[in-house]
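Here is the structure we will look at, set down as structure tokens.
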Amino acid sequence: MTKSALQIARAAYRPKLPKALKGAVKAEMGEATESVADQEIIKSLFPNTYGMPVIRFTEGQKREYPAINVGVILSGGQAPGGHNVISGLFDGLKTLNKENRLFGFILGPGGLVAHDYMELTADIIDEYRNTGGFDMIGSGRTKLDKVDQFEKGLEILRKLGISALVIIGGDDSNTNACILAEYYAAKKTGIQVIGCPKTIDGDLKNEMIETSFGFDTACKVYSEVIGNIQRDCNSARKYWHFIKLMGRSASHIALECALQTQPNVCLISEEIEAKNMSLDDVVTYIARIVADRAAAGHNFGTVLIPEGVIEFIPALRGLIAELNDLLAKNKDFAMIKKSAQRDWVISKLSEKNAKIYESLPSGVAKQLTLDRDPHGNVQVSQIETEKLLSEMVGRKLAEWAAEGKYTGKFATQHHFFGYEGRCAAPSNYDADYCYSLGYTASMLIAEGKTGYMSSVRNTTAPADEWIAGGVPITMMMNMERRNGEMKPVIQKALVKLDGAPFKEFAAQRERWAIETDYVYPGPIQYFGPSEVCDQPTKTLKLEHV
Ligand code: FBP
């Protein structure tokens, strides 16, 4: 593999570990836990893995551990730092016993079912230390929720003598991990399942998981590019840039990028829902700022749009929910002639939703009926919300111009930042955090635990002071409607409107709207002064003040 000079220098980086993990460890058990909601039903669905205590690792006495084989899966969307989770897991296992072996399943959970795997030896691991991407073993979105899949998995785990499986994934993949852990525990297979919190979206977090890995790096990459666009925009002074940002339902990425770059507008889906704003309200809000800036002579600006925003506009959310059920019940929808699909959908929807559907630009209406992902989610990354909004803002401004209320110029550019950041080389924060998560997973395995997620907390402090341990996955669960049925799933963490990051943004945004006070964060730095290289996200810092 040909490497750049930065890659070579980066390969030599030694990720930091919490002090408690630097030698032998002891597991301290906390109190019994409860799920965040729907306790009775979650307890009945997970009788073997419900209620376990939170675990914290502290320094302990050296012990002998029998040799074991462990499997690892990268699941779902790519996120910077996945390779470091695997290298931390590998190093942790080798510290426990040099004979321990690690196997990677290829292209996500599908590799477990299809018996597609490779052994991850030291030379392979060394090739990927501190690199972005998931290409060491690949990733996939196969949903593991059927008994025959669990049994197929069991066959290969037994064949390879694997007694523990680590699933690195987001909320849906860790839900799968929990279901698998319960199944293997109920069958007394002796196979442990441990999860690791991954997703650039930042929505897998709670009091025990302070952030999901990849969020830090991805936001820094997007903020660099947004900053570059803002400088271009402020130089030419002729375009409004509508920038859609990945993140699925939650607006954490948009909020963090806004805090880093100070754009003129940033929509926060959770606020739109809380204020019960209609699509017209959202369009009017943006158009008002465009008009106010035009009145001050500034016919340019930036608008950040979280990709999931349309699901938070109450009327559209109702439509999407009905479409989800409709498509789940009519699996052969894709077989209907393309030209007839729109009319078919309109004929099946309730009168109210059919009207809304009909009123949408046809491109966006079509995007709303694209295949759901295997977990039943609308693929919001494929819906061109940035174009929908800029088009509607343009129409509103034209109306105002006709009424003599607006005299500016409105030329637009569109961007979607998502895939650009998911495989970036992990920032120092993500490199250290991921390595620690993987290392912690190996310690949870050594303690014989199953149904736990690896947890590393206190990460705004120096790494020495980070707290490593495990959180029962059932603790994060509630019941939600998926593919037309109620299912146990990990509760998504949306932006809290009473949280410090949103409050900080809300306190500044009126000034950012009118003044041009852009910040240009520049590229991620890996080497140099700590205040440049080792800063966590603004979100995390504000949450920890
Ligand atoms: P995960 O939740 O699996 O981490 O995926 C995150 C994400 O990047 C979302 O932000 C985005 O909507 C989605 O993946 C895109 O999925 P795909 O890679 O399948 O196009």
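Indexing begins at 1, ligand by ligand and atom by atom, following the structure's order. Side chains are part of it too, since the values below use all heavy atoms of this structure and drop only hydrogens, waters and symmetry mates. We number each residue from 1, following the sequence as shown.
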Original post:
Would you say V72 and F90 make side-chain contact, with heavy atoms under 4.5 Å?
Top reply: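 No, too far: nothing below the 4.5 Å cut-off.
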Subject >> V303: which of I286, V393, T412 passes side-chain contact (heavy atoms from CB on, under 4.5 Å) >> reply: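 Only one of I286, V393, T412 forms a side-chain contact (heavy atoms from CB on, under 4.5 Å) with V303, namely I286.
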**OP:** Write down, by chain and number, every protein residue that brings a non-hydrogen atom to less than 4.0 Å from an atom of ligand 1.
**Re:**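 For ligand 1, the contacting residues are G76, G77, R141, K198, T199, I200, D201, M246, G247, R248, E307, S381, Y419, R422.
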Side chains of [X] and [Y], donor plus acceptor under 3.5 Å:
X	Y	result
T175	D172	no
N478	D38	no
S390	H414	yes

**OP:** Could you check D216 against L540 for side-chain contact (heavy atoms from CB on, under 4.5 Å), going step by step and ending with a plain yes or no?
**Re:** CA-CA 9 Å; D216 183 272; L540 199 55; over 6 Å; no
